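Predicted model, so just to flag it, every value in this text is computed and none were measured. First listed ligand is number 1; within each ligand, the first listed atom is number 1.
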Amino acid sequence: MNIVLIGPPGIGKGTAAVKLSKKLNIPHIATGDMLRENVANKTELGIKAKSLMDKGALVPDDLVIGMIKERLQRDDCKNGFILDGFPRTINQAEEIAKVVKTDRVVNIQASDDVIVDRLSKRKVCEQCGFTYHLEYIKPNREGICDKCSGMLYQREDDKPEAVKERLKVYKEKTEPLINYYKEKGLIVAVDGSGTPEEEFELVLKAVS
Ligand code: ADP
Ligand code: ZN
């Protein structure tokens, strides 16, 4: 099954996607993670993307689309995949529709207050990328990753100014995708304001 997760920043798409990927045994493909990897490795793409990402703006469509098309061609995608953070614009959705079919789009929703609270308490492992939340997904030792003992840090774009920009960009550019997919009969809405466990159960139901 080819699944797309849509929802505002910080709603827990990534956390739900990691679990879903294990459960369904299909890859979790997160454009944000792929871009951060490019930034860390100082690739040409990473160098172009960094300043845009830091301030919460989108990376230009052509760069992201090229990156994802290449990823979807790999062997591990042939039984399905979970897209997280892509598409984020109508243009991206139309481009990707030319190469793969989408079976289900899960729209995870929550109020701005919930989102801002989640992002301000989010910490990420600099080594393995695992995402913590200082209330709901606490590390055992403060500031240290349970999985790999890497250091936890706050993403530049989780700082208040960038969060404001990301919410604005989400409303302008990404929200229109909900109607786009609704018209195609692919959308299932899910409440993202509960705990990570509750959210995962709802996402799982939405794709079953
Ligand atoms: P979020 O927590 O907002 O869902 P992501 O990790 O998905 O964050 O994305 C982080 C940043 O990476 C975005 O703010 C944007 O700059 C860039 N990015 C990720 N996916 C895309 C995309 N599909 N199109 C354009 N930019 C993207
Ligand atoms: Zn780690």
Give, for atom CG of Asp158 and atom OH of Tyr153, the distance between the pair rounded to the nearest 0.5 Å.
8.5 Å
How many angstroms lie between atom NZ of Lys48 and atom CG of Leu35, to the nearest 0.5 angstrom?
12.5 Å
Could you tell me whether Asp33 and ligand 1 have an N or O pair separated by under 3.5 Å?
no
Quick one: which ligand 1 atoms are inside 4.0 Å of a heavy atom on Lys13?
4 (O)
Of all the atoms in ligand 1, which lie at a distance below 4.0 Å from a heavy atom belonging to Arg36?
6 (O), 10 (C)
Given side chains that start at C-beta, do those of Arg166 and Leu119 come closer than 4.5 Å, heavy atoms only?
yes
If you define the side chain from C-beta out and look only at heavy atoms, does anything of Leu152 sit under 4.5 Å from Phe130?
no
Over all heavy atoms of both residues, which pair between Ile11 and Gln109 is shortest? Give the atoms and the distance, please.
CD1-C, 3.7 Å
With the side chain counted from C-beta on, respond yes when Ile68 and Glu95 share a heavy-atom pair under 4.5 Å apart, and no when they do not.
no
Please classify the Ala57 to ligand 1 contact at 4.0 Å (heavy-atom distances, strictly less than): side chain, backbone, both or neither.
backbone
Find out whether Glu175 and Tyr170 are in side-chain contact, i.e. whether some heavy atom of one side chain is under 4.5 Å from a heavy atom of the other.
yes
Report the part of Met67 (side chain from C-beta onward, or backbone N, CA, C, O) that has a heavy atom under 4.0 Å from ligand 1; answer both or neither where that applies.
neither
Any heavy atom of Arg122 sitting closer than 4.0 Å to ligand 1?
yes
Please identify which atoms of ligand 1 are closer than 4.0 Å to at least one heavy atom of Arg166.
1 (P), 2 (O), 3 (O), 8 (O)
Return yes if a side-chain donor-acceptor contact under 3.5 Å exists between Ser193 and Asp191, otherwise no.
yes
Return yes or no for this condition: an N or O of Val59 is under 3.5 Å from an N or O of ligand 1.
yes
Numbering as shown, the atoms of ligand 1 that approach Arg155 to under 4.0 Å (heavy-atom distance)
2 (O), 5 (P), 6 (O), 8 (O), 10 (C)
Just jot down the ligand 1 atoms closer than 4.0 angstrom to any heavy atom of Leu35, in number order.
12 (O), 17 (C), 18 (N), 19 (C), 27 (C)
For the metal site, I want the angle between atom SG of Cys125 and atom SG of Cys145 with the Zn ion (ligand 2) at the apex, to 10°.
110°
Among all the protein's non-hydrogen atoms, which is closest to atom 11 (C) of ligand 1, and how far away is it?
Met53 CE, 3.9 Å
For ligand 1, which atoms sit closer than 4.0 Å to a heavy atom of Val64?
22 (C), 23 (N), 24 (N), 25 (C)
Atom CE of Met1 with >12 non-hydrogen neighbours under 6.0 angstrom
yes
What atoms of ligand 1 come closer than 4.0 angstrom to any heavy atom of Gln92?
22 (C), 23 (N), 24 (N), 25 (C)
Measure the shortest side-chain to side-chain distance between Pro160 and Ser120 over non-hydrogen atoms and say whether it is less than 4.5 angstrom.
no
Can you give the angle Cys128 SG - the Zn ion (ligand 2) - Cys148 SG, rounded to 10°?
120°
Number the atoms of ligand 1 from 1 as they appear, then name those within less than 4.0 Å of a heavy atom of Thr31, with their elements.
19 (C), 20 (N), 21 (C), 23 (N)
Which option, Arg88, Met34, Glu165, owns the non-hydrogen atom nearest atom 9 (O) of ligand 1?
Arg88
Ile137 vs Thr131 side-chain heavy atoms within contact, under 4.5 Å
no
